[in-house]
Amino acid sequence: MDCKKDGNLKKCNCTYLKLKEFGKSGIPSAIGTLYYVWPVKTDICETNLDNSIFFLSNSEKSFDFFTNFLANKFPHCPIIDMSSPEIEKELAGYLSGKTRGISLEPVYLYGTDFEKKIWETARKIPYGNVVSYKELAQKAGYPNAFRAAGTALGNNPLMLVVPCHRVIRSNGEIGYFGGGEEVKLMLLDLEQPQQQE
DNA sequence: TGCATGGCGCCGG
DNA sequence: ACCGGCGCCATGC
C-alpha cells in the first residue's frame with residue numbers, strides 16, 4: 001500500500017489515496033466503446049475523489065492492460081462492474097458537442113514525473129485549440145523533449161480528459177493517435193463546429 | 001550501463 | 001511537395 005516501501009510501485013502516486021473499490025464499465029459511442037475506471041469507494045482521505053476518473057479509452061486492449069495493472073498493484077481493491085452516471089453524462093455532453101470539454105478530475109495511478117507533467121500541460125490546451133508536440137514540450141518545461149513528449153502522450157491513460165488529440169505535428173500533419181487517426185480527426189472536427197467555407 | 005525505440009523537428013536535395 | 005538523414009530526449013530492456 002505504501003508506494004515508497006515497494007520499488008515496484010515507484011510509478012504509483014497513490015500514497016495519499018485510501019482506495020477501497022474500483023468501478024469499471026464501458027459504453028458505446030461515436031468513437032467506439034468507451035471503457036472507463038473510476039473510484040467507487042474510498043476511506044476518508046486527504047483527497048476529494050468526487051468527479052474523479054482513473055482511466056478512459058476506446059481501446060479494449062489498453063483497458064485490459066489497465067485493469068490487469070490495477071489487480072496487481074491494488075490487490076486489496078476489488079474491481080467491480082459498475083457504471084458512473086456522472087462520468088457518462090460528461091462524456092455524452094462532450095461527444096454531442098453540447099459542452100466544451102469534460103469536467104472530470106484525472107487521478108494518475110501511474111506515470112513518471114515527466115509523463116504527468118506532459119499530461120497536465122496537455123490538459124491546459126483550450127477546447128478547439130491545437131498545439132504542436134514541440135510547443136507542448138516547451139510549455140511543460142522541456143523545450144527539446146518534443147519527441148519524448150509524443151511518447152508520453154502515447155501513455156496517456158485518460159483519453160479526452162487529457163486532450164492529446166489537440167496535439168499535432170509542427171508541419172501541420174495530424175500525427176499519431178492511439179485511439180485511431182480517424183478518431184483524432186473526428187474529435188478535432190467536433191471541436192470546430194463553427195467552421196465553414 | 002548501454003543501446004534501441006518512439007504519437008517529432010529541421011535541413012538539404 | 002516529398003524524401004532521407006540526423007538530432008533530440010525520456011524510457012525500457
Side-chain angles (χ1 to χ4, degrees), chain A residues 3-15 26 29-37 53-74 91 94-95 101-102 104 106-192 195 197:
Chain A
C3 303
K4 294 177 181 176
K5 292 181 180 175
D6 186 342
N8 292 327
L9 290 180
K10 66 177 182 179
K11 299 180 77 174
C12 166
N13 66 348
C14 66
T15 47
S29 82
I31 58 173
T33 302
L34 281 174
Y35 303 94
Y36 62 91
V37 179
I53 185 168
F54 296 139
F55 175 88
L56 176 64
S57 172
N58 67 344
S59 161
E60 184 173 15
K61 190 175 177 181
S62 63
F63 177 62
D64 290 343
F65 181 88
F66 191 81
T67 52
N68 283 329
F69 161 81
L70 290 183
N72 289 326
K73 300 306 181 190
F74 299 89
L91 296 178
Y94 170 73
L95 292 173
I102 298 176
L104 294 173
V107 177
Y108 307 121
L109 297 183
Y110 66 79
T112 63
D113 289 343
F114 175 76
E115 288 172 323
K116 289 176 202 166
K117 186 68 182 174
I118 292 295
W119 298 339
E120 276 307 297
T121 304
R123 207 155 76 90
K124 294 190 178 79
I125 306 169
Y127 183 95
N129 289 49
V130 295
V131 303
S132 68
Y133 291 94
K134 183 179 184 179
E135 290 168 329
L136 178 70
Q138 284 174 340
K139 290 174 189 290
Y142 299 82
N144 297 314
F146 41 83
R147 185 136 194 197
T151 304
L153 289 184
N155 295 328
N156 171 24
L158 285 160
M159 155 184 228
L160 308 183
V161 177
V162 174
C164 55
H165 58 279
R166 294 176 196 151
V167 186
I168 63 174
R169 295 185 56 155
S170 292
N171 63 7
E173 288 177 22
I174 191 70
Y176 191 86
F177 187 63
E181 181 179 311
E182 64 285 356
V183 172
K184 188 170 187 175
L185 289 167
M186 201 182 305
L187 294 172
L188 291 174
D189 185 61
L190 166 71
E191 298 187 6
Q192 306 289 335
Q195 292 261 332
E197 297 298 311

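Keep in mind it's a predicted model, so treat the numbers as computed, not measured. Naming convention: chains lettered A, B, ... in sequence-line order (proteins, then strands); numbering from 1 in each chain.
With values rounded to the nearest 0.5 angstrom, A:Leu158 atom CG is found 6.5 Å from A:Tyr108 atom OH. For the atom pair A:Tyr176 OH and A:Arg169 CZ, the distance stands at 13.5 Å (nearest 0.5 Å). In this structure, A:Ile31 CD1 and A:His165 NE2 are separated by 8.5 Å, a value rounded to the nearest 0.5 Å.
A:Lys184 places its NZ atom 11 Å from the P atom of B:dG7, with the value rounded to the nearest Å. Computed from coordinates, the A:Leu185 CG to B:dG7 P distance equals 17 Å when rounded to whole Å. Rounded to a whole Å, the CE atom of A:Met159 is 13 Å from the C1' atom of B:dG7. B:dC10 atom P lies 13 Å from atom CD of A:Glu173, rounded to whole Å. The distance from atom OH of A:Tyr133 to atom P of C:dC8 is 21 Å, rounded to the nearest whole Å. Residue A:Glu182 contributes atom CD, which lies 16 Å from atom P of B:dG7 at whole-angstrom precision. Between the CH2 atom of A:Trp119 and the C1' atom of C:dA10 there is a distance of 13 Å, rounded to whole Å. Between the NZ atom of A:Lys116 and the P atom of C:dA10 there is a distance of 17 Å, given to the nearest Å.
Contacts of residues 135-145 of chain A with DNA chain C (heavy atom under 4.0 Å): A:Tyr142, A:Asn144, A:Ala145.
Remark: aromatic rings of A:Phe69 and A:Tyr110 are close, center separation under 6.0 Å. Proximity of the aromatic rings of A:Tyr36 and A:Phe55 is defined here by a centroid distance below 6.0 angstrom, and this criterion is not met.
If you find the closest nucleotide of DNA chain C to A:Thr151 and to A:Phe146, the one lying nearer the 5' end belongs to A:Phe146.
Regarding contacts with the backbone of C:dC8, every side-chain N or O of A:Lys134 stays at 4.0 angstrom or more from both OP1 and OP2. Contact annotation: A:Arg169 side-chain N/O to B:dG7 OP1/OP2 distance is not under 4.0 Å.
Closest to the A:Phe114 side chain, of the nucleotides B:dG7, C:dC9, C:dT11, is C:dT11. Comparing B:dG9, B:dG6, C:dT11 by their closest approach to the side chain of A:Ala148 singles out B:dG6.
At a cut-off of 3.5 Å, with distance as the only test, no side-chain donor of A:Gln138 or A:Tyr133 sits close to an acceptor on the other residue.
Checking side-chain atoms of A:Asn129 against main-chain N and O of A:Ile125 turns up no donor-acceptor pair under 3.5 Å.
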- Message: Counting Watson-Crick and G-U wobble pairs with both distances under 3.5 Å, what is the dot-bracket string for DNA chain C, 5' to 3', using [ ] for crossing pairs and | for pairs to another strand?
- Response: .||||||.|||||

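Under the 4.5 Å side-chain criterion, counting only non-hydrogen atoms from C-beta, A:Phe177 is in contact with A:Val183.
A side-chain hydrogen bond (donor to acceptor under 3.5 Å, both in side chains) with A:Glu120 is found for one member of A:Lys116, A:Lys117, A:Arg123 and no other, namely A:Arg123.
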